[in-house]
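Read the numbers this way: they start at 1 and go in the same order the structure lists the ligands and their atoms. Keep in mind that the numbers below use all heavy atoms, side chains included, and drop hydrogens, waters and symmetry copies. Everything numeric here is computed off the predicted structure, so don't read it as measured data.
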Amino acid sequence: MVKLSAIQLTSMPNVAANLAVIEQHLSNLAFSDNHLVVLPECCLFFGGKDAEQLALAKATYKENALIHQLSALAKKYRVNLVAGSIPLYHPDTDKFTNSSCVFLSSGEQIAQYDKIHLFDVKVDDNEKNYLESRYTQAGKTLVSANVNQMKVGLTVCYDLRFPELYRQLTTLGAEIITVPSAFTKVTGQAHWETLLRARAIENQVYIVAAGQQGVHENGRETWGHSMIISPWGEILACKTEGQGSISVDVCLSELSRIRSAIPVAEHNRFITALK
Ligand SMILES: O=C(O)CNC(=O)[C@H](CS)NC(=O)CCC(=O)C(=O)O
């Protein structure tokens, strides 16, 4: 058995305040090496002015401060932590990567995934246009992490709309795929649950999706509805609104049962080349 948790946040443009909220939620969760806890996208800084994330990434680059703070939390609360995403400075381009970092319960960092698909999109909400690529450098590489018995594939937010990424992570062995997010209220209402359940069903994986939710300091509204979904597509837990955590105990042998009953990986005529 392993335990999967997602923490939903209404993050502010203030690292210390967000760390305190994360710490409060972590302190309510079970101490266990077989526990995977997922935080939302931009968990340490969200809802500020456009260039502020870049400024934070630059200011914390030398000492790797954001990584150290998250590592300390994973160690203190003895949980394996998929720390949603944080901005990490990329000097070559003078931008930052929107990076999902994985820490073991020892505090050791074992993975960094840089968001591949950037949200350059027109959405009919307060802000209308999003241009994530203005300050963000897109990642290029698939990343998975082995966390004890858990084979975890990493994605971030808008990546959810690109099923090829999920298929490749699954083909490379992922059994749990994490989706730290800050979906807009408008697109979340229309698409979030359907996309998450489809990714879980088609790949026969557990999905742990942790969202931002609420009205943030810059007026932006996020959808929340953090969810843990089974490889059969069932919503095992959901937090619609507010900050807080959801947790479920799952048995990873459920995966092999579903995968042998409906062997889509074997039947798939497109993925042979990837194997
Ligand atoms: O820019 C920041 O401050 C942090 N990054 C985000 O909030 C990102 C990029 S703007 N949001 C998404 O990817 C939303 C995707 C989404 O809502 C959808 O696919 O419908």
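Under the salt bridge (Lys or Arg N to Asp or Glu O under 4.0 Å) criterion, R161 pairs with no residue at all, not counting sequence neighbours. With sequence neighbours left out, the salt bridge (Lys or Arg N to Asp or Glu O under 4.0 Å) criterion links K75 to no other residue.
Classified by interplanar angle (parallel below 30°, tilted 30° to 60°, perpendicular above 60°), the ring pair H216/F46 is perpendicular.
Distances below 4.0 Å separate heavy atoms of R161 from the following atoms of ligand 1: 18 (C), 19 (O), 20 (O). Counting atoms of ligand 1 from 1 in the listed order, those under 4.0 Å from a heavy atom of E132 are 5 (N), 9 (C). Atom numbering of ligand 1 starts at 1 in the shown order; those under 4.0 Å from a heavy atom of F46 are 3 (O), 4 (C), 7 (O). Atoms of ligand 1 lying under 4.0 Å from any heavy atom of T184, numbered from 1 in the order shown and given with element: 17 (O). The atoms of ligand 1 that sit less than 4.0 Å from any heavy atom of T187 are 16 (C), 17 (O), 18 (C), 20 (O). The contact set between ligand 1 and A182, taken as ligand atoms under 4.0 Å from a residue heavy atom, comprises 7 (O), 11 (N), 14 (C).
The distance between the ring centers of F162 and Y166 does not fall below 6.0 angstrom. Here the two rings, on F119 and Y130, have centers that are under 6.0 Å apart.
Looking at atom 5 (N) of ligand 1, its nearest protein heavy atom turns out to be E41 OE2, 3.6 Å. Here the protein heavy atom with the shortest distance to atom 7 (O) of ligand 1 is R220 NH2, 2.7 Å. The shortest contact between atom 14 (C) of ligand 1 and any protein heavy atom is with C157 SG, 3.2 Å. Of the protein's non-hydrogen atoms, the one nearest atom 13 (O) of ligand 1 is K115 NZ, 2.8 Å. Of all protein heavy atoms, the one lying nearest to atom 3 (O) of ligand 1 is Q53 NE2, 3.2 Å. Nearest non-hydrogen protein atom to atom 10 (S) of ligand 1 is F119 CD2, 3.6 Å. Of the protein's non-hydrogen atoms, C42 SG, 3.1 Å is the one closest to atom 4 (C) of ligand 1.
Contact check for S226 versus I246: side-chain heavy atoms found under the 4.5 Å cut-off.
Under a 3.5 Å cut-off, the side chain of Q168 and the backbone N or O of L165 do not form any donor-acceptor pair.
For R78, the CZ atom is loosely surrounded, since the number of other residues' heavy atoms within 6.0 Å does not exceed 12.
Linking Ile, Leu, Val, Met, Phe, Trp and Tyr residues whenever their side-chain heavy atoms come within less than 4.5 Å leaves V156 and L56 in two separate clusters.
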